[in-house]
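Excluded from the calculations below are hydrogen atoms, water molecules and symmetry mates; all remaining heavy atoms, backbone and side chain alike, are included. Remember, it's 1-based here, ligands and their atoms both numbered in the order they're listed.
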Amino acid sequence: MSLSELPKLELHLHLEGAAPPAFIRGLAKEKSVDLSGIFREDGSYAYRDFVHFLSVYEAATSVLKSPEDYARLVTAVLEESAAHGVVYCETFVSPDFCGGSDVGAWREYLHAMQDAADRAEAQHGIILRGIVTCIRHFGPEKAKASARCAAETAGDWITGFGIAGDEGQGKPRDFAYSFDMAREAGLRLTAHAGEWGGPQSVKDALDDLKVERIGHGVRAIEDLALVDRLAEDGITLEVCPGSNVTLGVYPKWDQHPIQKLRERGVKVTVSTDDPPFFHTTMTREYEELERAFGWGAADFHEISQTALAAAFCDEDTKAKIAKRLEDHPHE
Ligand code: ADE
Ligand code: ZN
């Protein structure tokens, strides 16, 4: 079995965080911006820890200045994802970075991204949908502007609303207004929690934001009553093991709780988060899961079915993806 060829679904991918470093260097050169400080000698992104990672991420993003730049980014990211067998992907996009959360500007960025995604689907068969994401450390007021952009463009392509950024700042309830606005617009909801925050951060996201998926959520393992609640309520975790190991949430793959969560009945899925930052790909995630926990074709098929059930896209799109999964042997 070739792990790179297995059809995969990815529910947790930050668009700017998926930008290959060479792509960002190229844009910086075109725009005469000096970004040399954010790269190591070998060309990869350089950061010391999670909070520094967020500032390097924002520096890299600063050279994405137009709808055309975002279209080029979508093309580059989907080409790479398709090469790793990804057939369906949901990406986080932040209106803060796309026209400063002005609804008119946001629409232009969105159309450019959608056009690029349509071209990639025609060329590589990969399907992309967007989740508008507010950034926790930018504060609740900016989040409201992002939620307004999300609500104005909710539909077939923008399927969800979420929150990323520094979990150390603010509380989920500070963002409840934005999540209510998104929910009323028909958007599905997810929130980063339980990556840096402990079990209480997961409970807060569930209770205060009423999300159906949690980005990461892995630290729920520290409270087995919460694990059982996740299982009973059918909450899906967007688990990004390679991200967690590279950022030091867990020291080694073998110590990552994905397997324990799954064994206790939690719906887990697998994603890369910000692949070039964490030196990973969907193939690498699968290789490490095979090595650390002995996962094989049947396990990966089950993970894909879980992701398909939790995907925010419409039923026709799900049927197309289901067909891609069934076309591949998994016994
Ligand atoms: N933004 C990009 N990657 C992130 C992560 N892993 N956690 C929180 N915010 C992020
Ligand atoms: Zn993330």
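At least one test fails for Lys210 against the ring of Phe179: distance under 6.0 Å to the centre or angle within 45° of the axis. For the pair Arg213 and Phe312, the distance from NZ or CZ to the six-membered ring centre is under 6.0 Å and the angle to the ring normal is within 45 degrees.
Remark: ligand 1 atoms within the under-4.0 Å shell around heavy atoms of Tyr57 are 2 (C). Residue contact check: Phe50 has heavy atoms under 4.0 Å from atoms 5 (C), 7 (N), 8 (C) of ligand 1. Counting atoms of ligand 1 from 1 in the listed order, those under 4.0 Å from a heavy atom of His216 are 6 (N).
Residue His12 counts as close to the Zn ion (ligand 2), with an N, O or S atom under 2.8 Å. Put simply, Glu195 stays out of reach of the Zn ion (ligand 2), with no N, O or S atom under 2.8 Å from it. Distances from the Zn ion (ligand 2) show that His216 has no N/O/S atom below 2.8 Å.
Looking at heavy atoms from C-beta onward, Phe175 lies out of side-chain contact with Phe161 at the 4.5 angstrom threshold.
If you look at Glu195 next to ligand 1, the close heavy atoms, those under 4.0 Å, all belong to the side chain. Of the heavy atoms in Phe53, only side-chain atoms (C-beta onward) come closer than 4.0 Å to ligand 1.
Taking 4.0 Å as the cut-off between side-chain N and carboxylate O, Arg264 and Asp228 count as a salt-bridged pair.
The ring-ring contact (aromatic ring centres under 6.0 Å, His included) search around Trp157 returns none, not counting sequence neighbours. Arg40 pairs by the side-chain contact (heavy atoms from CB on, under 4.5 Å) definition with Asp42, Ser44, Ala46, not counting sequence neighbours.
Across the listed options Leu13, Val249, Asp273, Asp273 owns the non-hydrogen atom lying nearest to atom 6 (N) of ligand 1.
For atom 1 (N) of ligand 1, the closest non-hydrogen atom of the protein is His14 CE1, 3.5 Å.
Residue Leu54 has no N or O atom closer than 3.5 Å to an N or O atom of ligand 1.
With the Zn ion (ligand 2) at the apex, His192 NE2 and Asp273 OD1 define an angle of roughly 170° (rounded to 10 degrees).
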